[in-house]
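Here is the structure we will look at.
Proteins come first, then strands; the chains are lettered A, B, ... in the order of their sequence lines, and each starts at number 1. Quick note: numbers below take in every heavy atom, side chains included, and nothing from hydrogens, waters or symmetry partners.
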Amino acid sequence: MIAFEQLNKKYGKHKALENVSLSIPKGRVVALIGPNGSGKTTLIKSFLGLVSLNSGDIFFQEKSVLKQSDYRKHIGYMPQISRFPEHMNVKQLFDFMRSLRKDVKDYDWDLYDKFEIKKLEKKRLNALSGGMRQKVSAALALLFKPQLLLLDEPTAGLDPKSNEVLKSKLLNFASEDRLIIITSHILSDLDDLVNDVVYLIDGKLKFYESIESLQEKTKESRLTKMIAERLEMKN
Amino acid sequence: MGKIVKYLTIDLMKNWVMIVFTALLFLATLGFFALEGQNEKAVIGLLNLSLLLVPMLSLIFSITYYYNMYDFLLLILAQPIKRKKSIFSLYLSLLIVFSLSITIGLGLPLVLFNPFSTSYLLLLCILLLSAVFIAIALWAAVYTNDKSKGIGLSLLLWVYFVLLFDGILLLGMYNFAEYPIEKYVLFFTFLNPVDLSRIMVLMQTQTAALMGYSGAIFKQFFTTQQGLSIAVLLLVSWVVVPLMFAFNKFKKKDL
């Protein structure tokens, strides 16, 4: 579904991405992990066209996305937002996003209901707590039933109950013709959710493997342990 | 694009800075007309006040606004929206709100108390000037990656356009006073939108008579239809050029 070909990105002298090539088929839930500054966000941002590459190409459904904007119709992105327009309330944000996406008529209000966002409708977005903002972001990302879902640290700041709600929603949402990519530091949140792991380190792709193959190689059952073990191995 | 402009404009209209700015302009305009016996003096006072205030507020407010909107811009850009559209919407929203504020705060009382061409010209100049400085602010904001740097840069730009440029120009005029420099001085004022607006309005008033030989040359130029049109066009190009730089940089920028 998406393919990265020989991506290179430098910020000044610092190489944020170095010859990253990766092809991910649909129907998977992929964890994109790596230490801080390993290039996870840069990879996601380059896919969204927010970061311009030094070289390389990115494909979505066999078409190059560079300098395009239309492909983003099919993408739900859950960023970490710290500021909204000052006087915008929750309802206005949802109205606004829907007015930007006139092409979509059929919405997914599932998370909106489960997170009880309706109760907050009149609240100003900037007055919401970090966790509430995450909930709003998550509900927005899923609202348009995207084929590709990009989640940037979705569970940071969520309480355990909401965490479970989000997780079960994601499991439900994953299907044959969809792809979910999640970046997270909290690996335990990703257990029994993800099928594949992409590991980046210093802007280079360390490995891209399915959970089954990781389990087989490391004989471990928990994601944290698997990855720790896997990093000890060569290639 | 209309949708983004609509939502941002409504949001901006509720901003207390804009409300205070409008009220301040309104009160100042009333005050000038109440205190000055002659309308023309009031107009000149207003000209001086708004030439200081409007560029500064346009610059600082717009730059802060850009940084505050940064996260939200990212959210918009993750939708099928072109980059140019998003930044243009931001510019347009700021422009609409500043124009409304200036028209209500300055224009309305001005036209009521002094319904002559000088008032309309002053209003036009100040509107254009805020358009210029919002454009410059966006350009500065796109070039700097940090809010405090951006605000620092905008303050420097303000000092340059409002104080420094005139100082340098005066120094030059003083040193070359022996030479026939009037036409060159005219040309140099084109390089500063603040001076350009100032002279455009001043030349419509009696004050022009007090400005010596340069004043005569200026008067000759700025009182003709042609001269005025050229000056307005120059101001418009002061909007377009920084805006183009800002847009082009924004299109390639890593967000």
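Contact tally against chain B (heavy-atom pairs below 4.5 Å) for A/Gln80, A/His87, A/Met97: the top residue is A/His87. The most heavy-atom pairs under 4.5 Å with chain B, out of A/Leu125, A/Leu100, A/Thr42, come from A/Leu100. Counting heavy-atom pairs closer than 4.5 Å to chain A, the top-ranked of the candidates B/Ile76, B/Leu255, B/Asn15 is B/Leu255.
Neither the backbone nor the side chain of A/Met78 comes within less than 4.5 Å of any heavy atom in chain B. If you measure heavy-atom distances from A/Leu150 to chain B, you find no contacts under 4.5 Å at all. Proximity to chain A involves both the backbone and the side chain of B/Lys3, based on heavy atoms less than 4.5 angstrom apart. Neither the backbone nor the side chain of A/Asp103 comes within less than 4.5 Å of any heavy atom of chain B. With a 4.5 angstrom heavy-atom cutoff, A/Arg83 touches chain B via backbone and side-chain atoms both. Heavy atoms of A/Leu140 lying under 4.5 Å from chain B belong exclusively to its side chain.
With A/Pro79 as the partner, the side chain to side chain contact (heavy atoms under 4.5 Å, CB included) test is satisfied by one option alone out of B/Asp71, B/Leu75, B/Leu74: B/Leu75.
Surrounding NZ of A/Lys169 are more than 12 heavy atoms belonging to other residues, nucleotides or ligands, all under 6.0 Å away. By the neighbour-count criterion of 12 heavy atoms within 6.0 Å, atom NZ of B/Lys253 is densely surrounded, having more than that number from other residues, nucleotides or ligands. A 6.0 Å sphere centred on NZ of B/Lys85 holds no more than 12 heavy atoms belonging to other residues, nucleotides or ligands. Atom OH of B/Tyr67 sits in a crowded spot, with more than 12 heavy atoms from other residues, nucleotides or ligands closer than 6.0 Å. In this structure, A/Lys123 places its NZ atom where only 12 or fewer heavy-atom neighbours from other residues, nucleotides or ligands lie under 6.0 Å away. Heavy atoms of other residues, nucleotides or ligands lying less than 6.0 angstrom from OH of B/Tyr70 number more than 12.
Heavy-atom neighbours of chain B within the stretch residues 47-77 of chain A, taken at a separation under 4.5 angstrom, comprise A/Leu48, A/Gly49, A/Leu50, A/Val51, A/Ser52, A/Ser69, A/Asp70, A/Arg72, A/Lys73, A/Tyr77. The stretch residues 4-12 of chain B places B/Ile4, B/Tyr7, B/Leu8, B/Asp11 near chain A, each with some heavy atom under 4.5 Å from a heavy atom of that chain.
Using a 4.5 Å heavy-atom cutoff, the side chains of B/Phe72 and A/Met88 are in contact.
Salt-bridge annotation for A/Lys9 and B/Asp254: present, with a side-chain N of the basic residue lying under 4.0 Å from a carboxylate O of the acidic one.
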Item to check | B/Lys14/A/Glu86 under side-chain contact (heavy atoms from CB on, under 4.5 Å): CA gap, chis, key distance, verdict | outcome: CA-CA 9 Å; B/Lys14 294 181 194 156; A/Glu86 216 178 322; over 6 Å; no
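Across every non-hydrogen atom of B/Pro80 and A/Arg101, the tightest pair is CD-CD, 3.6 Å.
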